[in-house]
Amino acid sequence: MKQALHDMNPSIKFLVTTICMLTLAFFFNPWTPLICWVGVILLQLCFSSINWKKWFLFMIPFVIMSFGYFWTTIVFAEERTGAIVWSVFHYDITKAQLDHALSLSFRVLAFAGLSLLFAFTTDPTKFILSLMQQLKLSPKIAYSILVGYQFLPVMKEEFVHIQQAHRLRGAVRDRNVLVRLWNLRRILLPMLAGAVRKAERSAFAMEARGFTGEKRTEFYQVISVGKNDMILSSLFFLIIVAGCSSANWI
Amino acid sequence: MHEVIMFDSVGFRYPDETSWLVEDLSFSIQAGERVVMTGPSGCGKSTILFLINRLYPENCDGELKGRVKLLGKDGNEYAPGEVNHRIATVFQDPDAQFCMRTVEEELAFTLENLRTPRSEMDRKIDEVLRMTELTNYRHAVIQQLSGGEKQRIALACALIMEPDILLLDEPLSHLDPLAAHSFVTLLNRLQQEQGFTVVAIEHHLDLWDNFFQRELVLFEQPHVKEIRKRQAAKQNECALRVKKLSTASFLQDASFALQKGEVAVLAGQNGSGKSTMLKALAGLISAKGTVTPNTLGYVPQSPEFLFVTKTVEEEIAYGGGGRTHELMEALQLTKVADSHPFAVSHGQKRRVAIAAMLNDGREVILMDEPTAGQDAVSLHELFRLIDERASEGTAFLIVTHDMEFAYAIADRVLLMKEGKLTGAFEADEVWRNPKLLAAHRLMMPKGALEHEASFA
């Protein structure tokens with residue numbers, strides 16, 4: 001049970017979360033996104049074993065962003081007529097204003113919740129393999145992404161190495177962030193040169209092993225679609241339906 | 001015996017180039033042969049390898065003339081990728097020939113390319129892992145393995161195709177001597193068992209012992225004077241004093257000193273902490289202990305990592321030193337003074353880096369693996385550079401796997417093992433002590449053996 005979301009077919013999970021997000025975009029009231037957000041969290045509590053500490057850390061920027069939306073919508077609202085429901089720091093907040101603000105900020109949270117659910121329960125390699133097997137993604141693109149993914153740690157190491165070398169030359173870090181960004185080009189140039197070389201080598205290595213980019217018929221790691229995927233997809237849709245219909249009865 | 005590769009007056013040139021890189025080349029290779037192709041770097045050895053596995057001419061739009069016959073069929077008659085099912089390649093760079101995360105996935109990638117039925121995949125993976133003695137590595141993450149292990153995996157990936165011909169593109173150049181030795185031993189056994197043809201390009205035949213039956217000299221090596229053991233130029237003045245240098249995680253208390261004009265080699269197997277030591281000395285990573293003087297020169301394996309300006313001259317003057325012209329003269333860089341430092345040759349880049357360091361008043365130079373992947377000519381150039389500078393009083397600390405080079409250049413040898421400096425020995429003491437070398441997984445340099453023999 002605790003692994004169900006991790007074991008779910010990544011392509012299906014991707015499609016379902018995308019549909020959920022698109023649907024949410026059509027509903028502009030505080031309750032739909034709130035119910036969806038809570039539903040998604042419940043789903044993760046029941047069917048996944050994610051690292052909640054990490055989840056909270058990743059959620060922090062979204063919470064700040066959603067508060068920002070909330071605050072700006074209230075302060076800069078166009079309509080200021082209607083029943084006042086709340087008064088704070090000489091601001092009179094009307095029902096319509098509050099609804100607007102809450103819908104926007106909950107929407108941010110709901111989108112963040114869905115994205116994090118996908119990100120934390122999906123293995124990137126399996127996702128790409130599944131895209132290739134279920135959604136017929138071209139192997140050329142799929143394997144390019146996989147190779148790129150393998151390069152990331154090497155690139156990071158190289159970045160640190162060049163940075164250290166430059167510090168040795170006495171290239172001091174400038175106080176000004178913009179200048180610092182502009183100076184980054186000195187690090188990126190050798191990295192780019194190295195990356196182009198490496199990419200060519202990798203491409204050659206892959207072709208030398210018979211990779212042609214044609215559609216494949218045999219897979220070693222078969223990513224299947226099963227009953228588990230049906231059940232979880234229905235749960236996702238149940239949450240979204242509950243959220244959407246709440247617009248009518250609240 | 002039958003012919004598997006036949007080149008009949010083959011010529012090749014890259015697009016937009018007027019001169020032929022390879023011209024009128026003819027040779028043939030029989031099934032089951034072990035052939036090595038030699039020639040200086042940049043002469044087109046790799047190009048010929050790419051003509052055999054058909055990565056060229058398609059991938060670079062180069063122009064090919066003459067006839068290449070592979071496994072009894074004209075090269076042009078093969079469909080893209082078809083010949084790669086029978087001709088496998090192991091490349092030079094252990095970091096740029098894998099596309100999956102784990103060993104198992106990588107092997108499966110190859111089998112999927114061959115359209116092997118899924119039911120047979122498991123058996124084939126098992127078999128090739130057993131053959132290459134990698135059974136325990138089946139689920140290992142490739143990026144976390146050492147260079148030697150990665151090259152073994154690359155070999156496994158090539159052999160899982162059950163190829164007729166195995167091509168090797170300088171497969172040892174990034175390995176430490178013992179890893180290289182065990183790679184050759186393994187390949188020797190596998191070739192005897194399976195009987196595939198081996199075609200390699202390599203400019204460092206020392207590590208291969210008598211593996212190859214035939215050497216195909218593609219281009220005559222420009223005559224390089226053999227690197228002779230250099231005369232020590234040690235002066236009686238301390239250049240570097242290190243006391244109790246350690247890093248939080250790995251490096252343990254290391255103390256040693258270098259004299260002016262002394263050349264020391266830092267050796268030990270991969271992962272013993274040599275690079276960490278250099279970085280700690282150069283102050284690139286935080287470390288405890290004292291290093292006097294506190295500014296040392298550092299030349300990474302890719303010297304271009306150091307470059308921050310647009311011309312060689314500016315590069316050398318960047319630190320504000322007043323000896324720019326003098327040093328450019330001394331290091332033969334005057335001709336390229338206005339070139340972009342990225343656009344000069346590898347040897348020149350290294351000279352620029354050293355000149356810049358010396359101009360900053362950094363009289364001790366630390367070099368990280370300057371010998372990796374260098375052919376005889378550039379090794380000789382490196383040797384001369386160090387020798388010249390040392391006689392001017394610069395002290396060097398050089399990390400290298402190339403024991404022949406170390407034998408020729410070193411006054412002293414610093415040995416490392418598991419993050420610990422086990423000692424700073426007089427060089428001759430180390431070469432005379434096989435036990436000490438073996439304990440640090442190092443090979444006895446041939447030069448030392450000959451020397452011993454002549455005195456026996």
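Reminder, nothing fancy here: chain letters follow the sequence lines and each chain counts from 1.
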Rounding to 0.5 Å, atoms OG (Ser202(A)) and CG (Asp93(B)) come to a distance of 8.0 Å

ask   = Does any non-hydrogen side-chain atom of Thr212(A) lie less than 4.5 Å from one of Asn113(B)?
value = no

Residues Leu168(A) and Leu296(B): closest non-hydrogen pair is CD1-O, 3.9 Å

Is there a donor in the side chain of Thr110(B) and an acceptor in the side chain of Arg209(A), or the other way round, less than 3.5 Å apart?
-> yes

Subject >> Side chains of Glu207(A) and Asn59(B), donor plus acceptor under 3.5 Å >> reply: yes

Turns out that what part of Glu58(B) lies under 4.5 Å from chain A's heavy atoms comes down to neither

Interface check, chain A: of Met357(B), Lys279(B), Met161(B), Glu82(B), most non-hydrogen pairs under 4.5 Å belong to Lys279(B)

Closest heavy-atom pair, Arg169(A) versus Asp360(B), reported as atoms and distance to 0.1 Å, is NE-OD2, 4.4 Å

Checking heavy-atom separations under 4.5 Å from chain B, one finds in residues 144-164 of chain A Leu146(A), Val147(A), Gln150(A), Phe151(A), Val154(A), Glu158(A), His161(A), Ile162(A), Gln164(A)

So, the part of Glu106(B) with a heavy atom under 4.5 Å from chain A: the answer is both

CZ (Phe98(B)) and CE (Met206(A)) are apart, to the nearest 0.5 Å, by 13.0 Å

Bottom line for Arg197(A): the part with an atom under 4.5 Å from chain B's heavy atoms is side chain

Heavy atoms of Tyr318(B) and Arg186(A) approach each other most closely as OH-NH1, 4.2 Å

Whatever's closer than 4.5 Å to a heavy atom in chain A on Arg362(B) counts as side chain

Looking only at Met100(B), Glu105(B), Glu304(B), His85(B), most heavy-atom pairs under 4.5 Å shared with chain A are made by Met100(B)

One option among Ala205(A), Ala165(A), Ala208(A), Pro190(A) has the most heavy-atom pairs under 4.5 Å with chain B, and it is Ala208(A)

> Hey, does Glu214(A) have a side-chain heavy atom less than 4.5 Å from the side chain of Arg115(B)?
Replying inline: yes

Max heavy-atom pairs within cutoff under 4.5 Å with chain A, candidates Gly81(B), Cys157(B), Gly283(B), goes to Cys157(B)

Ordered numerically, the heavy-atom neighbours of chain B under 4.5 Å found in residues 215-233 of chain A are Lys215(A), Arg216(A), Thr217(A), Glu218(A), Phe219(A), Tyr220(A), Gln221(A), Val222(A)

Whatever's closer than 4.5 Å to a heavy atom in chain A on Tyr298(B) counts as both

